[in-house]
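Below is one structure; the comments refer to it alone.
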Amino acid sequence: MATMPPDARVTRLARALPLLLAALLALAAVGTVGSAGCDDPARYVSTPDGISLEGGCLKPGEIDPLTGDPADHDPASRRG
């Protein structure tokens with residue numbers, strides 16, 4: 001059986017490494033999403049004012065990163 005030259009092994013490894021890394025990142029993403037359960041999933045509800053989103057695991061203050069503690073009156077201080 002003939003052995004491969006060292007350059008050919010490096011080339012094969014260089015081609016396979018991005019695919020392996022992408023597969024590992026995909027597995028990590030699936031694992032993260034699978035473990036991020038929510039006890040109260042959000043749902044759309046028809047109200048007299050229109051359709052609104054009720055429930056869910058996030059509060060409105062958690063969505064906007066610049067909205068935080070109401071005692072903090074200077075949002076520019078958090079920007080660094």
Side-chain angles (χ1 to χ4, degrees):
M1 183 165 122
T3 61
M4 298 171 90
D7 291 342
R9 288 186 197 141
V10 171
T11 302
R12 288 178 66 187
L13 180 63
R15 282 190 216 151
L17 195 59
L19 294 174
L20 180 62
L21 182 60
L24 290 174
L25 288 173
L27 284 174
V30 168
T32 301
V33 169
S35 67
C38 180
D39 294 334
D40 181 26
R43 60 199 167 279
Y44 288 102
V45 178
S46 180
T47 63
D49 297 327
I51 296 176
S52 68
L53 184 64
E54 292 186 1
C57 294
L58 292 176
K59 298 177 193 109
E62 294 174 336
I63 295 172
D64 186 5
L66 294 179
T67 304
D69 186 9
D72 185 12
H73 298 291
D74 185 17
S77 67
R78 290 187 304 256
R79 293 186 188 145

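The model shown is predicted, which means the values in this text are computed figures rather than measured ones. For this chain, numbers begin at 1 and follow the sequence in order.
- Clustering of Ile, Leu, Val, Met, Phe, Trp and Tyr side chains at separations under 4.5 Å leaves L27 isolated, with no partner residue.
- Atom CD1 of I51 has 12 or fewer heavy atoms from other residues, nucleotides or ligands within 6.0 Å.
- Legend: residues meeting salt bridge (Lys or Arg N to Asp or Glu O under 4.0 Å) with R43, ordered by chain and number and at least two apart, are D40.
- Legend: residues meeting side-chain contact (heavy atoms from CB on, under 4.5 Å) with L53, ordered by chain and number and at least two apart, are A42, Y44.
- By the 4.5 Å side-chain criterion applied to Ile, Leu, Val, Met, Phe, Trp and Tyr, L13 is assigned to no cluster and stands alone.
- Legend: residues meeting side-chain contact (heavy atoms from CB on, under 4.5 Å) with S52, ordered by chain and number and at least two apart, are T47, E54.
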